[in-house]
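These notes are about the structure you will find just below.
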Amino acid sequence: MDNYFIPIIITGAFAGISIGLLGVLIVGMRMPFIGSCISHTAMVGAVYASLLGIDPMAGAVALSMAGSVGAVFIPPNRKNLDANTGQAILLSFMMGLVFLAVGLEQGSRSEMLSLLWGNVLFADWCTVFITGSLTLLLLVFMVVFDKELKAILFSRSLAMVTGKHTGLVYFLFLCFCGLILAVNLKAVGGLLIFSLLVCPAAAAYQVCRGYNAVVLFSLLFGVLSTVLGFSISYFLNMPTGACIVITSSLIFAASSLFVSIRKRD
Amino acid sequence: MKNSVTLSNVLVRRRFTTILEIDHLVIPFRQFTGLIGPNGAGKTTLLKLCCGSIKPDKGKISLGSKRIGYIPQQAEYNAHLPFTLREIVAMGRNALKPLARRLDKTDYERVDFWISRMGLYDRRRQSFRSLSGGQQQKTLIARAMVSEPDFVLMDEPGANLDPAWKGQLRDILNGLFEENPMSILLVSHELDWIPESCQRFILLDSGRIAADGLPAEVLKESSIRRIFENTLLSSERA
């Protein structure tokens, strides 16, 4: 592997860490669709920006941040509509908008399609800097607001009654969702980022006891998914995003197997 | 000390149905109040109004208590997460700490005190999801108590517990009320296990207060039977 691939591998590792960490919060709050909704909102921003000749990344960040801020107003317990159902409807609407933009594109669709499937091979040292800085910021956020995040994970409605500044911490978490999912869109792809968001965290939740262990293992599983997935794609000449997603799904399957064997013993 | 909570002309509506309508209700400090009534009477709505998690469509609620301990129904928290018992109890200290300030040694001493008080010290490193229903309820009581509350709200804490656990829970609640300067508002639709320290019963029926007073007065067999039978008949008709 030559020097050209070093920033690619590092970008992949940062994507694994940051999305794996976000997954702990998203899976723990039982709202995986919200991550998917935000990543698809980013995808809508990117494809329409591309259609209008604007930098797709700027469109992705702008729209996903707007989507994240909008998600603050979804109440934790709504009686007449399950939150996941509402988010699934929003998700399908976003998908419709994405494929409408793909259909409207007159020229080459390769850049738009790469936003759907992902392509880590574009990564350079500038990408490493951006993804690295965001990963570091997310880590700092999770350490500083550790006790508030734990309370929100256990019960957002309970945290709002008995805790302080729960709304602010939840808002910051959604802002991180918007930023990180938009920035990693090009590398992992809007359709595939969902798997990386859910599988490492779900695997960690199965095998660990205690919040800190879940965070550590989700981070490790995320890195393993991206670095191993990329290596498989490089050596076997296969699509990168697909290899990453299949690796993360296999990690989840292995953790399920481990838990069922441990229970039997 | 002011009243724990005062409700004046409160109305809660969902679409075209009145869920709760209360002209005047005061819960004084250091009173153990039982909120009883059949399913759908508006008990949980009243509890949520008192803790501020929902707002009324009309009327005024003034909360005199500074710190609230809330023990919700199981549907309101993620019991499947691998948090340890100690982590869950420690979350209660958030109410006393400024934003982003980590818990210190004193906080964890209080956490361990309440875990021991509930008889769960040996299980403090066990995951919450592996505990029995009764042990989970005790953990949530410890979580509420570490915040040093002056008003504790409990939503059906005895639900899904067997008679032995309900007996234990009754003793714990009696003890907590005797030992700590606080008010308790306990919601239950089961009348057989409510602690003896409970000096006042409020009977809700179809969103309105049907009776309010000493337990013996409210628990008059005829009024209770009438309300519970009416609910049963209307649900059978539906």
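What you see is a predicted model, and the numbers here were worked out from it, not measured in a lab. Just so we're on the same page: letters track the sequence lines, and every chain starts at 1.
Ranked by non-hydrogen atom pairs under 4.5 Å with chain A, the options B:Ala95, B:Ala100, B:Cys51, B:Gly52 are led by B:Ala100. Chain B forms the most heavy-atom pairs under 4.5 Å with one residue out of A:Gln206, A:His165, A:Lys147, and that residue is A:Lys147. Comparing A:Val161, A:Asn212, A:Val144 by heavy-atom pairs within less than 4.5 Å of chain B, the highest count is held by A:Val161. Comparing B:Leu103, B:Ile71, B:Ile88 by how many heavy-atom pairs each has under 4.5 Å with chain A, the most go to B:Ile88.
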**Item:** Derivation of the salt bridge (charged side-chain N to carboxylate O under 4.0 Å, His left out) call for B:Asp104 and B:Lys97
**Value:** CA-CA 10 Å; B:Asp104 54 29; B:Lys97 305 296 281 186; 3.4 Å; yes
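Other residues, nucleotides and ligands contribute only 12 or fewer heavy atoms inside 6.0 Å of the CZ atom of B:Arg125. Within 6.0 Å of the CZ atom in B:Arg101, the count of heavy atoms belonging to other residues, nucleotides or ligands does not exceed 12.
Using a 4.5 Å cut-off between heavy atoms, B:Ser127 touches chain A through backbone and side chain atoms alike. With a 4.5 angstrom heavy-atom cutoff, A:Val143 touches chain B via backbone and side-chain atoms both. Only the side chain of B:Arg129 comes within contact range of chain A, with heavy atoms under 4.5 Å apart. The part of B:Pro98 that comes within reach of chain A is its backbone (N, CA, C, O), which places non-hydrogen atoms under 4.5 angstrom from that chain. Interface remark: A:Leu168 contributes side-chain atoms only to the contact with chain B (heavy atom separation under 4.5 Å). Of the atoms belonging to A:Val214, it is side-chain heavy atoms, and not backbone ones, that fall under 4.5 Å from chain B.
Proximity to chain A among residues 130-145 of chain B is limited to B:Leu140, B:Arg143, judged by heavy-atom separations below 4.5 angstrom.
The side chain to side chain donor-acceptor pair (under 3.5 Å) check on B:Glu109 picks up nothing, with sequence neighbours excluded.
A donor-acceptor pair is defined here as one N or O able to donate and one able to accept, closer than 3.5 Å; such a pair exists between the side chain of B:Arg67 and the backbone of B:Glu148.
Between A:Cys37 and A:Leu90 there is a side-chain heavy-atom pair separated by less than 4.5 Å.
The minimum heavy-atom distance between B:Arg124 and B:Asp112, with the atom names listed, is CD-OD1, 4.4 Å. Closest approach of B:Ile68 and B:Leu63 over heavy atoms only: CD1-CD2, 3.4 Å.
A:Phe154 and B:Tyr77 have parallel rings, their planes meeting at less than 30° on a 0 to 90° scale where 60° marks the start of perpendicular. Ring geometry for A:Tyr170 versus A:Phe173: interplanar angle of 30 to 60°, hence tilted.
Looking at A:Ser248 and A:Ser195, their side chains do bring a donor and an acceptor atom within 3.5 Å of each other.
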